[in-house]
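Numbers here simply count residues along the sequence, with the first being 1. The analysis underlying the following values was restricted to heavy atoms, covering all of them including side chains, and did not include hydrogens, waters or symmetry mates.
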Amino acid sequence: VLVAVVVLTPLAAFEAVLGLPLAVRYRQRVARSAERVYEVLDAPVPVHEPEHPREAPASPFPLVVKNLTARYEDQHRDALHGLDLTLERGRRIAVVGPSGSGKTTLAQVLLRFLDPGSGTYTLAGVDAAEMDGDEVRRLVGLCAQDAHLFDSSVRENLLLARKDATEAELRDVLLRARLLDWVDGLPEGLDTHVGEHGARLSGGQRQRLALARALLADFPVLVLDEPAEHLDLPTADALTDDLLAATEGRTTLLITHRLAGLAAVDEVLVLDAGRVVQRGPYAELLAVDGPLAAMARREAEAEALVVL
């Protein structure tokens, strides 16, 4: 017995410390994770919620932005400067311009993800800064280029927008997003899983499913932020055409760097370095020598190179 004790005691002692190297590795990983969390917690608050929010209007119209200026905390110049915008019920406006021109910044201000530095942003005459941010986002919804899809079924991803939606309503928004035929061809239909982040879908299918979810939410104002980004040109242009067809009659702000399909919108705003450098109907802007016509020429040249 004593021999067994003498032999086994060191083994038992080592067993108690075998996990220490792994614990050190995990401690380093947790420390790095904590640093990232503290970076977020210590970052300046981009939006200041009012202590006593005003009641949201039943309808956001007209949505009016006047002389809007916005800047990010770590930037030395305005991302938007002196922008004016009015969205009436049913009106569709496209905002175009090169990367860094302020298009996405405008979307963030409208969704109250970023406070404007100066100017006004009102919904039916009520200052958006005096309303609860969630209430603003019930009136102004977003379909973003990186809209998240959960590792669940098509049905459950749609029902995130409205839990009480009927089968007929789900099929209707899929039809409008040009996805219904594809869903009907799946082995389990609406109950087919899409994979983590929509891994089992193509880029176009992911964006169409995100659009269907936004349509089901029935936001009074829908902001489409670069919905065709990261897609090849034919797929991007086809998706834009379908987006505009699906949102016909709905108040929409389309943010895009492509010009395909913009003849269907009521007005086009061209941004450059945060300022509106041109605005008006697409056909009129295309007919004059200006920033939009220059964009159209560059786009045509790029497409010609792709063909070659």
Side-chain angles (χ1 to χ4, degrees), residues 92-95 103-104 106-108 110-113 134 136-167 169-186 188-258 260-262 264-265:
R92 298 195 295 179
I93 294 179
V95 180
K103 303 187 301 296
T104 296
L106 174 59
Q108 292 182 334
L110 295 181
L111 273 293
R112 283 219 68 217
F113 292 145
D134 289 338
V136 172
R137 288 182 284 275
R138 289 190 182 94
L139 298 172
V140 183
L142 175 68
C143 181
Q145 57 178 281
D146 55 352
H148 186 79
L149 296 180
F150 290 89
D151 187 9
S152 187
S153 67
V154 174
R155 182 192 306 276
E156 290 170 341
N157 271 283
L158 288 174
L159 290 176
L160 289 170
R162 209 173 80 235
K163 293 183 179 180
D164 60 349
T166 65
E167 182 93 3
E169 289 172 326
L170 297 182
R171 293 180 63 81
D172 176 63
V173 295
L174 288 170
L175 176 64
R176 290 158 61 193
R178 303 290 197 272
L179 269 186
L180 185 58
D181 289 342
W182 171 75
V183 170
D184 284 342
L186 294 174
E188 297 178 69
L190 279 165
D191 295 312
T192 302
H193 278 245
V194 301
E196 188 174 0
H197 301 291
R200 297 180 183 175
L201 310 183
S202 69
Q205 288 166 343
R206 283 195 294 271
Q207 285 304 117
R208 290 174 191 276
L209 186 55
L211 171 65
R213 186 166 62 192
L215 293 174
L216 186 64
D218 199 26
F219 298 111
V221 177
L222 180 59
V223 178
L224 303 172
D225 185 13
E226 296 282 11
E229 185 78 350
H230 310 309
L231 302 178
D232 61 86
L233 296 184
T235 302
D237 292 348
L239 176 62
T240 301
D241 288 340
D242 289 343
L243 289 172
L244 291 170
T247 56
E248 188 172 0
R250 179 186 297 271
T251 308
T252 307
L253 185 76
L254 171 63
I255 294 171
T256 178
H257 66 281
R258 294 278 298 165
L262 296 192
V265 304

**Q.** Side-chain donor or acceptor of Arg206 paired with backbone N/O of Leu201 under 3.5 Å
**A.** yes
Q) Any side-chain heavy atom of Leu159 sitting closer than 4.5 Å to one from Leu170? A) yes
Q) Can you name the closest pair of heavy atoms from Ser153 and Val194 and give their distance? A) C-CG1, 4.4 Å
**Q.** Val265 side chain near Ile93 side chain, heavy-atom distance below 4.5 Å
**A.** no
Q | Leu243 vs Thr247 side-chain heavy atoms within contact, under 4.5 Å | A | no
Q.
Once rounded to the nearest 0.5 Å, what's the spacing between atom CZ of Arg208 and atom CG of Leu215?
A. 12.0 Å
Q: Identify whether the distance between the nearest side-chain nitrogen and carboxylate oxygen of Lys103 and Asp225 falls below 4.0 Å.
A: no
**Q.** Minimum-distance pair of heavy atoms, taken over all atoms of Leu158 and Leu216
**A.** O-CD2, 3.3 Å
Q. Can you tell if the side chain of Thr251 reaches within under 4.5 Å of the side chain of Arg92, non-hydrogen atoms only?
A. no
(Q) If you apply the rule side chain to side chain contact (heavy atoms under 4.5 Å, CB included), what do you find for Val221 with Leu253, and how did you get there? (A) CA-CA 8 Å; Val221 177; Leu253 185 76; 5.6 Å; no
Q. Salt bridge or not for Arg138 and Asp134, using N-O below 4.0 Å?
A. no
(Q) With heavy-atom distances below 4.5 Å as the criterion, would you say the side chains of Leu209 and Leu179 are in contact? (A) yes
Q. Is a salt bridge present between Asp218 and Arg162, judged by a nitrogen-to-oxygen distance below 4.0 Å?
A. no
**Q.** Validation row: Leu174, Asp181 side chains within 4.5 angstrom (heavy atoms)
**A.** no
Q: Show your working on side chain to side chain contact (heavy atoms under 4.5 Å, CB included) between Leu190 and Glu167 and close with a plain yes or no.
A: CA-CA 9 Å; Leu190 279 165; Glu167 182 93 3; 3.3 Å; yes
Q. Of Leu160, Asn157, Val154, which meets side chain to side chain contact (heavy atoms under 4.5 Å, CB included) against Leu149?
A. Asn157
Q.
Looking at every heavy atom in both Ala214 and Cys143, which two are closest together, and how far apart are they?
A. CB-CB, 4.2 Å
Q: Check for a donor-acceptor pair, side chain of Thr252 on one end and backbone N or O of Leu254 on the other, with a separation under 3.5 Å.
A: no
Q) Hey, what do you get for OG1 (Thr104) to CZ (Phe113), rounding to the nearest 0.5 Å? A) 12.5 Å
Q) If you measure from CG on Leu111 to CG on Leu139, what distance do you get to the nearest 0.5 Å? A) 11.0 Å
(Q) Return the CZ to CG distance between Arg178 and Leu211, rounded to the nearest 0.5 Å. (A) 10.0 Å
Q) For Arg213 and His148, which heavy atoms make the closest approach, and how far apart are they? A) NH2-O, 2.6 Å
Q) Minimum heavy-atom separation for Gly261 to Leu244, with atom names? A) O-CD1, 3.0 Å
(Q) Quick check: do His193 and Glu188 have side-chain heavy atoms less than 4.5 Å from each other? (A) no
Q: Could you tell me the separation between the CZ atom of Arg171 and the CZ atom of Arg155, rounded to the nearest 0.5 Å?
A: 10.0 Å
Q: Specify the closest pair of heavy atoms between Ala246 and Arg176, including all atoms of both residues, with the distance to one decimal.
A: CB-O, 3.2 Å
Q.
To the nearest 0.5 Å, what is the distance between CG on Leu239 and CZ on Arg258?
A. 12.0 Å
